[in-house]
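Values in this document were obtained by computation on a predicted structure and should not be read as measured data.
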Amino acid sequence: MKLKKKGIILALTIFILLVGVVGCSSKTVDETDKNVIKIGTSGGYHPYTFKNDKGELDGFEIDVWNEIGSRIGYEVEYATSEFSGLFGMLDIKKIDTIANQITITEQRKEKYIFPTPYVYSGAQLIVKKGNEDVKSLEDLKGKKVGVSLGSNYEQIIKEFDVNNDIEVVTYEDFLGSLQDVALGRIDAVLNDKLAAMTNVQKSGLDIQLGGEPISKIENAFPFVNSEENKELVQKVSKAIEDMRTDGTLEKISKKWFEIDITKE
């Protein structure tokens, strides 16, 4: 009788272990099959990427990536960080790419691969309302100009300012730089033309555009240059081109900017 009882207990134990192994294996397969792409963004760069009244990520970049994810069959996850930390996160593969109005530069092309551009814009000076003295990089000599820390706008000034005549002030927060120029703490901000236009109209700050755009820029999503990313970049490129062809990109653009910023 005791032997029979031990046999039943042993059989039940084996059954439970087998069920556990099957369950674990099944979960692993599900997780492996799940295509996830993690997007890094600052969440503080209106109207490209920001937190809305509900505390949720919103903006042009978010709408674009949600649509891309749907088209390439990937679930999109977002990770927020200060802008200056995003490329570090990308380099150590904590994120797959960055959605924060990233400009293609020769320096970045040496390290990253980019799908087709999704935004065409320009580098624009922003000044205190009534300031008609600052309309070009030449006008910045002897003055203070604000830029986003780690941005290509800082590089534009450094390449121009070979004699160090311009004092560059870096900011983690774009709005903070606009507030400082409105208060007269700095003389100008160099940033994206479209973000500048939107904030001149809607921020309520005493600011205006300073002259015409300094240079043209193209925005695209950077990926670490690796064999495994090349196929993914091709998929993203195709999704962007399809969105441009069928009018989806234009629709998203006009929702946030009232103009189409997605064509040259």
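The aromatic rings of Y48 and F60 sit perpendicular, their planes meeting at an angle over 60°, well past the 30° parallel limit.
A side-chain contact (heavy atoms from CB on, under 4.5 Å) with F223 holds for exactly one of L90, I98, I37; it is I37. Of the candidates L125, L190, D161, L125 is the only one forming a side-chain contact (heavy atoms from CB on, under 4.5 Å) with L140.
Within 6.0 Å of NZ on K143 lie more than 12 heavy atoms contributed by other residues, nucleotides or ligands. The neighbour count for E56 CD, taken as heavy atoms of other residues, nucleotides or ligands under 6.0 Å away, is above 12.
Put simply, the side chain of T41 gets close to the backbone of A99: a donor and an acceptor are under 3.5 Å apart. Q124 contributes no side-chain N or O that, together with a main-chain N or O of I214, makes up a donor-acceptor pair within less than 3.5 Å. Listed for the S42 side chain is no donor-acceptor partner under 3.5 Å among the backbone atoms of S81. Under the 3.5 Å distance criterion, the side-chain polar atoms of K128 are matched with a main-chain donor or acceptor of A182. Checked by atom type and distance alone, the side chain of N131 never pairs as donor or acceptor with a backbone atom of V127 at under 3.5 Å. With S237 contributing its side chain and Q234 its backbone, the two residues share no donor-acceptor pair below 3.5 Å. Looking at N229, its side chain never comes within 3.5 Å of a backbone N or O of N225 through a donor-acceptor pair.
When the side chains of ILVMFWY residues are joined at heavy-atom separations under 4.5 Å, either directly or via intervening members, I95 and L57 end up in two distinct hydrophobic clusters. Both V181 and V200 belong to a single network of hydrophobic side chains, linked directly or stepwise wherever heavy atoms of I, L, V, M, F, W or Y lie under 4.5 Å apart. Hydrophobic clustering (ILVMFWY, side-chain heavy atoms < 4.5 Å, transitive): V189 and L149 are in distinct clusters.
E67 is not listed as a side-chain neighbour of K251, based on a closest heavy-atom distance of 4.5 Å or more. Within the 4.5 Å cutoff, the side chain of N66 has heavy atoms near those of the Y78 side chain. E218 is not listed as a side-chain neighbour of T103, based on a closest heavy-atom distance of 4.5 Å or more. Side-chain contact check for D63 versus W256: some heavy-atom pair is nearer than 4.5 Å. Considering only heavy atoms from C-beta on, F87 comes within 4.5 Å of R108 through its side chain. The shortest distance between side-chain heavy atoms of Y171 and I186 falls below 4.5 Å.
Not less than 6.0 angstrom separates the ring centroid of F83 from the ring centroid of F174.
Defined by atom type and a distance below 3.5 Å, a donor-acceptor pair is missing between the side-chain atoms of Y120 and N219. Between the side chains of N191 and Y45, a donor-acceptor pair is found at a separation under 3.5 Å.
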**Item:** Derivation of the side-chain contact (heavy atoms from CB on, under 4.5 Å) call for F221 and D96
**Value:** CA-CA 10 Å; F221 305 112; D96 297 299; over 6 Å; no
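F160 and L137 make their closest contact through CE2-O, 3.5 Å (heavy atoms, listed as atom of the first residue, atom of the second, distance).
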